[in-house]
Amino acid sequence: MRVEAARRALEEGTLPMNEIARLVGFGDEQSLRRAMLASAAITPSEYRHRFGPS
């Protein structure tokens with residue numbers, strides 16, 4: 001659920017990664033990165049680049 005919330009935040013806005021990580025319940029950006037790599041095989045930065053706002 002936290003990874004899905006992070007995905008939505010990455011798609012919809014321009015908040016910094018560390019702020020997204022904190023808002024969705026990860027302690028820091030590295031925890032978010034590890035979780036996204038494990039569940040979706042993509043980093044938050046790459047996800048934002050592919051699916052984020054233009």
Side-chain angles (χ1 to χ4, degrees):
M1 289 175 35
R2 290 183 292 165
V3 171
E4 188 57 38
R7 285 181 183 180
R8 283 191 305 273
L10 290 166
E11 290 171 7
E12 297 170 359
T14 57
L15 287 174
M17 299 292 176
N18 60 344
E19 184 70 14
I20 291 172
R22 190 184 63 75
L23 288 173
V24 300
F26 290 102
D28 57 23
E29 187 177 342
Q30 288 294 62
S31 296
L32 171 59
R33 187 177 195 280
R34 283 191 299 271
M36 284 196 67
L37 279 171
S39 69
I42 191 169
T43 66
S45 298
E46 184 62 25
Y47 189 88
R48 176 177 273 168
H49 179 73
R50 287 187 189 178
F51 305 108
S54 299

Practice task
State, yes or no, whether a side-chain contact exists between Val3 and Phe26 at a heavy-atom distance under 4.5 Å.
Solution key: yes
Handout entry: Lys/Arg-Asp/Glu bridge criterion (N-O < 4.0 Å) met for Glu29, Arg33
Key = no
Problem - Beyond-backbone contact of Met36 with Thr43, side-chain heavy atoms, under 4.5 angstrom - result: no
Handout entry: Ionic contact status for Glu4 with Arg7, cut-off 4.0 Å
Key = yes
Handout entry: Derivation of the side-chain contact (heavy atoms from CB on, under 4.5 Å) call for Ser45 and Arg48
Key = CA-CA 5 Å; Ser45 298; Arg48 176 177 273 168; 5.9 Å; no
Exercise for the section: Give the intermediate values and the outcome of salt bridge (Lys or Arg N to Asp or Glu O under 4.0 Å) for residues Arg22 and Glu19. Expected result: CA-CA 5 Å; Arg22 190 184 63 75; Glu19 184 70 14; 2.7 Å; yes
Fill in the blank from the handout: Nearest heavy-atom approach of Leu32 to Ala6 is CD1-CB, 3.6 Å
Practice task
Treating Ile, Leu, Val, Met, Phe, Trp and Tyr as nodes and any side-chain heavy-atom pair under 4.5 angstrom as an edge, say whether Leu37 and Ile20 lie in one connected cluster.
Solution key: no
Exercise for the section: With sequence neighbours excluded, tell me which residues meet salt bridge (charged side-chain N to carboxylate O under 4.0 Å, His left out) with Glu12. Expected result: none
Completion exercise
Nearest heavy-atom approach of Pro53 to Gly13 is CG-O, 3.7 Å
